There are 2 protein chains.
Amino acid sequence: MTERKLAILQIAQRLFMEKGYTATSVRDIAKSAGVEPASLYSHINGKEELLDRTCFEMAEKFLTGIEEVNDIYFDAAQKLKMAVDTHVNILTNHIEAAVVFQRDWRHLNEVRRSEFIELRNAYEDGFRVIVQNGIDEGIFSDVDVKFAALTILSSLNWIVEWYDPNGKLSASEIAANLFNFTFTGLKK
Amino acid sequence: MTERKLAILQIAQRLFMEKGYTATSVRDIAKSAGVEPASLYSHINGKEELLDRTCFEMAEKFLTGIEEVNDIYFDAAQKLKMAVDTHVNILTNHIEAAVVFQRDWRHLNEVRRSEFIELRNAYEDGFRVIVQNGIDEGIFSDVDVKFAALTILSSLNWIVEWYDPNGKLSASEIAANLFNFTFTGLKK
DNA sequence: TGTCATAACGAACATTCGTTAGGCAAAAAT
DNA sequence: ATTTTTGCCTAACGAATGTTCGTTATGACA
């Protein structure tokens, strides 16, 4: 990906975050890039490519993260800590892309949307594995695994709605708080 | 509000839920209502009215709920239980409107968006009061109040992303699970 | 010097957008 | 029985949508 193309992608992500994918026009993006609308098409295939790249690049980051955690660590408490940490880090380090990833994946075309949902399910599965591990190890209480994983992910995902890079809580503080909260909610 | 107007509003809410406010056209709504686009304007002032009503009617429901809880109950644990219960009930009983309320309030016009955010803050404040009560009563551990309230609300709000009226978990089971999880995460 | 790739341009494309105007038939109110 | 209201219609509006077109200036490389 060219430097210029990357710059355009980032501009688009910022606008998508601010106004949403559908409400952001190609002309908006062009204006922010200081270029005529038609000129964008020297770099991209179309508006949807910008959404597609954003969603799938983020999905890959998340998925790689959870796979590493489940590969490397053994103890469920450690795994949970690392998974939360990784999630919060990816999210806060790419906040614009993360917001788009969370909110606008619905506007992918049918085929890509299906693929996206599969990746998302795989990621959720990674968290279910952790919860199940904890139960098997006897350190988590015997909760509904699916529900617990979903609730943890709720807290993690909602961060995009309030995270402020200049706010008083740093990414690692947020991660620590969230691990503490979810772990206490789970442990026996 | 006329019967017909209410029907149109509900049709719009279903479509807004499925495709998002911006991606739903007046023609889509008209088609679903079995009517020509122009005919809708006998009943509504414009597309935005449908979004506006949805957002503010839901906001009022939530706000009334939390105010009642904080008025009636005394003990923080009871309050939390009732607040979670009320939230889950409003949400599951009006799932289409709830989804729109969650996702599309950003597309309100500037003035109404500000008003909406104020209501939302007031609601969050209601939860902060509960957490603070619990700390003062000595039954909750000494957490960051703002952060805790936000995390609880994350779990509650994320329900709209996965709730299935025909799923295996009923609204009251969801509420019970969520209270259990958040309460355990908070208590000393 | 001639050839090619890059990145931009202005103009235009067909389509869709939310909305308005004006009329017409049936139902409700007087 | 006459008037008014209701609910819908067809037709059209101006604006905005994503995208394609042919062209051009620039600069690297042969």
Side-chain angles (χ1 to χ4, degrees), chain A residues 1-56 96 100 103-113 116, chain B residues 1-56 96 100 103-113 116:
Chain A
M1 191 157 53
T2 333
E3 203 175 325
R4 189 84 182 102
K5 181 163 182 176
L6 180 64
I8 290 171
L9 177 61
Q10 287 169 341
I11 287 168
Q13 287 170 346
R14 184 169 44 78
L15 290 171
F16 291 166
M17 173 179 71
E18 286 167 10
K19 320 175 42 170
Y21 173 74
T22 316
T24 303
S25 71
V26 171
R27 283 166 180 82
D28 289 334
I29 301 169
K31 192 170 221 175
S32 279
V35 119
E36 292 300 313
S39 307
L40 290 178
Y41 289 81
S42 301
H43 304 277
I44 60 170
N45 296 325
K47 185 187 175 189
E48 192 178 347
E49 185 193 346
L50 297 167
L51 176 64
D52 194 282
R53 287 193 105 92
T54 304
C55 289
F56 281 89
E96 286 99 349
V100 178
R103 292 184 193 154
D104 282 324
W105 60 269
R106 279 166 245 271
H107 299 108
L108 291 167
N109 67 58
E110 216 165 337
V111 175
R112 295 294 273 166
R113 190 167 58 242
F116 180 86
Chain B
M1 190 158 53
T2 335
E3 204 175 323
R4 188 84 181 104
K5 181 164 180 175
L6 180 63
I8 289 171
L9 178 61
Q10 286 169 343
I11 286 168
Q13 287 170 346
R14 185 169 43 77
L15 290 172
F16 292 166
M17 173 180 70
E18 286 168 9
K19 321 176 40 170
Y21 173 74
T22 317
T24 302
S25 70
V26 172
R27 284 165 178 83
D28 291 333
I29 301 169
K31 191 171 222 174
S32 279
V35 119
E36 292 300 313
S39 305
L40 291 178
Y41 288 81
S42 301
H43 304 277
I44 61 170
N45 296 326
K47 185 188 175 189
E48 192 178 349
E49 185 193 346
L50 296 167
L51 176 64
D52 193 282
R53 287 193 106 91
T54 303
C55 289
F56 281 88
E96 285 99 351
V100 178
R103 293 185 192 152
D104 283 324
W105 61 268
R106 278 167 246 271
H107 299 108
L108 291 167
N109 68 57
E110 215 164 339
V111 175
R112 294 293 273 168
R113 190 166 59 242
F116 180 86

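Each chain gets a letter, A, B and so on, in the order its sequence line appears, and its residues count up from 1. Remember, it's a predicted structure, so these values are computed and weren't measured experimentally.
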Is any side-chain nitrogen or oxygen of B:His43 closer than 4.0 Å to OP1 or OP2 of D:dT6? no
Value rounded to 0.5 Å, distance of CE in A:Met1 from CG in A:Leu9: 5.5 Å
May I ask you to list the residues of residues 3-17 of chain B, by number, that have any heavy atom positioned under 4.0 Å from an atom of DNA chain D? B:Arg4
Nearest 0.5 Å please: distance from the CG atom of B:Leu15 over to the NZ atom of B:Lys31. 11.5 Å
Grab the CD1-C1' distance between A:Ile44 and D:dG18 for me, whole Å please. 10 Å
D:dC9 C1' sits how many Å from B:Leu40 CG, rounded? 13 Å
Just jot down the side-chain contact (heavy atoms from CB on, under 4.5 Å) partners of A:Arg27, sequence neighbours excluded, or say none. A:Ser25, A:Pro37
Please identify each residue that fulfils salt bridge (Lys or Arg N to Asp or Glu O under 4.0 Å) with A:Lys5, with sequence neighbours left out. A:Glu49
Students should find this one: the first and last nucleotides of DNA chain C, 5' to 3', lying under 4.0 Å from a heavy atom of chain A. What are they? C:dA7 to C:dA12
Between the two end axes of the helix from C:dT1-D:dA30 to C:dT30-D:dA1, each built from 5 base pairs, what angle do you get to the nearest 10°? 0°
Set of salt bridge (Lys or Arg N to Asp or Glu O under 4.0 Å) partners for A:Arg112, sequence neighbours left out: A:Asp52, A:Glu115
So, using salt bridge (Lys or Arg N to Asp or Glu O under 4.0 Å) as the criterion, who are the partners of A:Asp104 when residues are at least two apart? none
Sorted by chain and number, sequence neighbours left out, side chain to side chain donor-acceptor pair (under 3.5 Å) with B:Glu48 holds for B:Asn109
Nearest 0.5 angstrom please: A:Leu50 CG to A:Ile8 CD1, how far? 8.0 Å
What's the separation between atom CD1 in A:Ile29 and atom CZ in A:Phe16, rounded to the nearest 0.5 Å? 4.0 Å
As an exercise, state the distance from CD1 of A:Ile11 to OG1 of A:Thr24, rounded to the nearest 0.5 Å. 12.5 Å
Note: contacts of residues 20-29 of chain A with DNA chain D (heavy atom, under 4.0 Å) are A:Thr24, A:Ser25, A:Val26, A:Arg27
Among residues 32-39 of chain B, which ones have heavy-atom contacts with DNA chain D below 4.0 Å? B:Val35, B:Glu36, B:Ala38, B:Ser39
Measure the spacing between OH of A:Tyr21 and OG1 of B:Thr22 and express it to the nearest 0.5 Å. 12.5 Å
Return the orientation label for the A:Trp105 and A:Phe116 ring planes: parallel under 30°, perpendicular over 60°, tilted otherwise. parallel
Tell me: OH of A:Tyr41 to P of D:dT17, nearest whole Å? 12 Å
Measuring only between side-chain heavy atoms, which start at C-beta, is B:Val35 closer than 4.5 Å to B:Arg4? yes
For residues 27-46 of chain B, which residue pairs pass the ring-ring contact (aromatic ring centres under 6.0 Å, His included) check, not counting sequence neighbours? none
By salt bridge (Lys or Arg N to Asp or Glu O under 4.0 Å), which residues pair with B:Glu18, not counting sequence neighbours? B:Arg14
